[in-house]
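Atom set for the values below is all heavy atoms of this structure, side chains included, hydrogens, waters and symmetry mates excluded. Note that the structure is predicted; figures quoted are calculated from it, not measured. Sequence lines set the chain letters: A, B, ... in the order given, protein chains first and strands last, and positions in each chain run from 1.
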Number of protein chains: 2
Amino acid sequence: MLPDKRYFDSFFKSAFTVDNVIFGFDEGKLKILLIRRNEEPYADYWALPGYFVQQYEDLDAAAERVLREMTGMENVYLEQLHTFGTPYRHAFGRVITVAYYSLVKIADFRPRAAGVAQDITWHLIDELGVLAFDHLEIVQVALEHLKKSIRTRPIGFELLPPAFTLTELQHLYESVWGTELEKRNFRKKILSMDLLRDVGKVQKGVAHRPAKLYRFDEQRYRELEKEGFNFEVRDGGKK
Amino acid sequence: MLPDKRYFDSFFKSAFTVDNVIFGFDEGKLKILLIRRNEEPYADYWALPGYFVQQYEDLDAAAERVLREMTGMENVYLEQLHTFGTPYRHAFGRVITVAYYSLVKIADFRPRAAGVAQDITWHLIDELGVLAFDHLEIVQVALEHLKKSIRTRPIGFELLPPAFTLTELQHLYESVWGTELEKRNFRKKILSMDLLRDVGKVQKGVAHRPAKLYRFDEQRYRELEKEGFNFEVRDGGKK
DNA sequence: TCAAAAGTGTTTAGCGTACACCCATGC
DNA sequence: GCATGGGTGTACGCTAAACACTTTTGA
């Protein structure tokens, strides 16, 4: 039984794209990076930075390339999230999109619009309005994923500057989960994990007692992980 | 700036498939369902039940259809797992595959090979040998996913018959995790969740004290979930 | 001296862990 | 009556949870 290659041709008429959900945290708020499209379909709409994958390009590599070409951002660690394939989600034909997401320190990058992007900015996660394609749904899936994974993996630190205060860390969790946490218990839990190092500095220019700055000890985390340690922060809920 | 539709044509030359990782549990062992292909590429190789998605077919629907057509299995709850898109993973052109997975009760189905499948059987998860395409990698990703999610979601019950003993449940966890659990603590933990109902029957025909049979109370789980209950079984490790 | 956030200690209750023995059945 | 797995109780230690006051700084 030899294959008839022509029979298969009918399947080779689709395209796929990658779309990147880039989370940042700034001024105590969770944000995502959006571009404004200058191309149909959805010209002038805000959208996730994403574009077509080339015919023999690896998916992960495509996500990196597209992000770099549209935003100028390099060395962003992208993780695959989910694939969206509703039949008529793109006006030009069958296009499925593989969504990726990443957590970045906003201060590390100065995104500049290029390619299909005429504009680019950080948007508050809860003020997105209408987005191109099914990108709002993609953002929602990414946010749900973030809520879960920030609980059991020490990924929140990727959103914070290299040195941060415990209150900033707490606000990050509160912002992602939309809840309030009890200060003493949060600090006790975090510090008891032995993953933060006092960098010996304090906040400057605040009109109150300045907070100590900490850094995340990634090497220590890797050691603990090998020993079977499980990172976990609970939404203990306040009251 | 109007789009030039012809410019985009170069992107519309790819295909995608769905591949299903179907887990079952039988004779105390974790298994997956494989078919033997009768079509190139990889004719005569064992493979996951999967095939091309039609041009305007929804991905989730395609996974269901393909599974039904190849195995006769209906009403299988499939969940999307991950998308695999290494450039030259398929000899006929660019094909990315969206992998789905499911947990089923082996006794509920009697799979029969059809379509591109010349044969179909359950395989022990740790005796798979060589599989078609990158299907071994897909199975590994699915297994890792199962190990994690069985811990925090009550999905193990989907692999067991409607009435099961606590020891069967424990063996299921041990088989998936490859560890041993402490009997008393496991039972205490499981029963304390108030999710199992004694069905009032016992095992028959065993050469020892017969074990009570339980069923999973799904309705109760939904209630608890709403109240913020988090299912969790730990790999307490024995000794 | 006031406002504003940082920082800390203690008590309580529940849960994970470790561990050893009796029970019911088939053969 | 013996082999086989089913089934249970308890003590200990840790940690999550709840809660209020003092400290440090800038304005």
Quiz question: going by heavy-atom distance under 3.5 Å, is there a donor-acceptor pair between the base of dA16(D) and the side chain of R184(A)? no
Donor-acceptor contact present, side-chain Y101(B) to main-chain L143(B), <3.5 Å: no
dA5(C) phosphate, OP1 or OP2, under 4.0 Å from T167(A) side-chain N/O: no
By nearest heavy atom, map R209(B) and V206(A) onto DNA chain D; which one lands nearer the 5' end? R209(B)
Between L191(B) and P210(A), which has a closest nucleotide on DNA chain D that is more 5'? L191(B)
Side-chain donor/acceptor of K183(A) to base of dG7(C), under 3.5 Å: yes
What is the distance, rounded to the nearest whole Å, between atom CZ of R234(B) and atom P of dT15(D)? 11 Å
Count the heavy atoms of every other residue, nucleotide or ligand shown that sit under 6.0 Å from NZ of K29(B), and state whether that count exceeds 12. no
Rounded to whole angstrom units, what separation is found between the CD atom of E232(B) and the C1' atom of dT17(C)? 15 Å
Atom-pair distance (CD on Q203(B); P on dT4(D)), nearest Å: 16 Å
Test item: N20(A) side-chain N/O and I22(A) main-chain N/O as donor-acceptor pair under 3.5 Å: no
K188(A) near the nucleic acid: base, sugar-phosphate alone, or nothing, with a heavy-atom cut-off under 4.0 Å? base
Taken to the nearest whole Å, CD1/I190(A) to C1'/dT15(D) is 15 Å
Is the Y45(B) ring parallel, tilted or perpendicular to the Y42(B) ring (thresholds 30°, 60°)? perpendicular
In whole Å, I'd like the distance from the NZ atom of K189(B) to the C1' atom of dG14(C). 11 Å
